[in-house]
Number of protein chains: 2
Amino acid sequence: MEYKEYIEKFFNQGHKHYLSHISIDCVVFGFHENELKVLLLNMKNLNSWVLPGGFILKDEEMETAVKRILTERTGLTDIFLHQFQTFGGLSRSSFTVPELFFKNLQIKKDSWMFDRFISVGYYALVEYSKVKPIPDILSEKCEWFNVHDLPELAHDHRHIFDEAWQSLRFWINHYPIGYNLLPEKFTMPDLQKLYETILDRKLDRRNFQRKMLATGILNRLNEVKPGVAHKAPYLYTFNIAAYEKTLKTGFGFAL
Amino acid sequence: MEYKEYIEKFFNQGHKHYLSHISIDCVVFGFHENELKVLLLNMKNLNSWVLPGGFILKDEEMETAVKRILTERTGLTDIFLHQFQTFGGLSRSSFTVPELFFKNLQIKKDSWMFDRFISVGYYALVEYSKVKPIPDILSEKCEWFNVHDLPELAHDHRHIFDEAWQSLRFWINHYPIGYNLLPEKFTMPDLQKLYETILDRKLDRRNFQRKMLATGILNRLNEVKPGVAHKAPYLYTFNIAAYEKTLKTGFGFAL
DNA sequence: CCAAAAGTGTTAATATTACACCCATGA
DNA sequence: TCATGGGTGTAATATTAACACTTTTGG
């Protein structure tokens, strides 16, 4: 049984390969059908949902670890990442699980996995349609959830999610967003929906467009969105050079 | 020799008490004579300056650890803290030191202190005049430096400092500041100097005053600063209730 | 009595918000 | 042809920036 072996090795030997006491938790945001989504995992045998996460190899950059973890969960490379907070609460977890989880498993009582962890929180922005959610070895399901309709989360993951979303809301008032969340070509209404969804409030159509165009990060194409009812909206792409530049400098406006 | 014993115990036994692979680095800001200051330590035997830092006890909240560390360095309790970033670079340090540091010391080659560390960065705001800088066991000196005139820092501490200052600059555009950096009674020019020093640019006297008063976090006293040449400025205190409230909600203006 | 610093108010510029009309399209 | 959503411009308001005169005081 490959699973059994893997788990046992992970619990009993993992500390030889990974930094102990340190974990990574990721809040992966996607945008689909005008809804902001988050990727969650359902742990095997336990019926609990958790954020995707993992550990840092001893000879691995922290950010490389995050990318590795997220590539495993989503199939994507080149993911936008933002480190938003590190969680150090004493009671935040320890990997406490009911006995049944370990039936048939030979796991040492002093496994590194039962130690206390400090967790570094990252949020990621990904293009929903390109993601192939892949459960990890400990989990059964990997699914998208609407941010307004999350299941109960284990440990302090609800808190981590809340902090991530808040951080994201703050971020988009200062830095451009969308390149990582939208398809290559998108419409102004698409972009506005994205902002509205993240900020969780309505924005004025005309003012939004004016501000966005003023940032200079958009290219309007000589195409309109095909196959829509009513007047077809223009398609846009991001002006990557300007976008990247603004990612560094920030623009100072509030939507 | 107490020092020798302590160091040996710390290097050889510390992993039993502290979380391995995790450190804390603090950027302690003070304000004195219209200069923004940072507290640095000079390591014994090495002539290198570092940020104050430390480790987390296995049964200690992370924030409690930071407070403990800073109380040891400054003599203060109740310090304003802000976690600004976590540093996970592979090459960021490891505690590499020249051989001479270990002359006469019996330290195991596999001491936890030679492992790789992920470091959680906090900045602290303290009232300069109340601080009694106290070196730690590994260091010889603990001194204030003007932020514009820092010595060379070991490891990636210059980078950590830069990120802290940047984070602080960002912070003060959204949240009140000063309660932890100024004496209880202060003048409007004092407060302005503080802002100017942190932001590293001049502000308009009149507009500054208007905005500050508009926030409602200040109480003007019926006293003026004694013993000054020229017209004496009013003294202010912070309205703690309003200050604390604004610390949570933030005010949205840019200086 | 004057230089130097502090207190205060007004005006101009800019940014933000609110709002209304026309256009294109598929049903 | 009409209901729906998209494109655009302008006026009102709020915020920010620029700026000048008066007051106080120690030397």
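In what follows, every chain begins at residue 1, and chains take the letters A, B, ... in the order their sequences are listed.
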Q: First locate atom CG of A/Leu221, then atom NZ of A/Lys185, and finally report the distance between them rounded to the nearest 0.5 Å.
A: 6.0 Å
Q | ring-ring contact (aromatic ring centres under 6.0 Å, His included) partner of A/His82, the single match among A/Tyr175, A/Tyr122, A/Phe170, A/Trp171 | A | A/Trp171
Q: Would you give a per-nucleotide map of nucleotides 4-12 of chain C, 5' to 3', where B means the base has a protein non-hydrogen atom under 4.0 Å away, S means only the sugar-phosphate does, and - means neither?
A: BBBBBBB--
Q: Name the nucleic acid region contacted by A/Val224, choosing base, sugar-phosphate or nothing; use a 4.0 angstrom heavy-atom cut-off, strictly under.
A: nothing
Q) Rounded to whole angstrom units, what separation is found between the NZ atom of A/Lys225 and the C1' atom of D/dT4? A) 15 Å
(Q) Expressed as a whole number of angstroms, how long is the span from B/Met212:CE to D/dT16:P? (A) 12 Å
Q. Without hydrogens or angle criteria, can the side chains of A/Asp25 and A/Ser119 be said to hold a donor-acceptor pair below 3.5 Å?
A. yes
(Q) Can you tell me how far apart NZ (A/Lys67) and CD1 (A/Ile24) are? Round to the nearest 0.5 Å. (A) 12.0 Å
Q. Between D/dA18 atom C1' and B/Phe208 atom CZ, what is the distance in whole Å?
A. 18 Å
Q: Carefully, step by step, assess B/Asn207 and B/Arg210 under the rule side chain to side chain contact (heavy atoms under 4.5 Å, CB included).
A: CA-CA 5 Å; B/Asn207 295 334; B/Arg210 190 177 322 119; 3.3 Å; yes
Q: Before accepting this row, confirm whether a basic side-chain N of the pair A/Lys130/A/Glu127 lies closer than 4.0 Å to the acidic partner's carboxylate O.
A: yes
Q | Rounded distance (Å) that lies between atom C1' of D/dG5 and atom CG of A/Leu235 | A | 15 Å
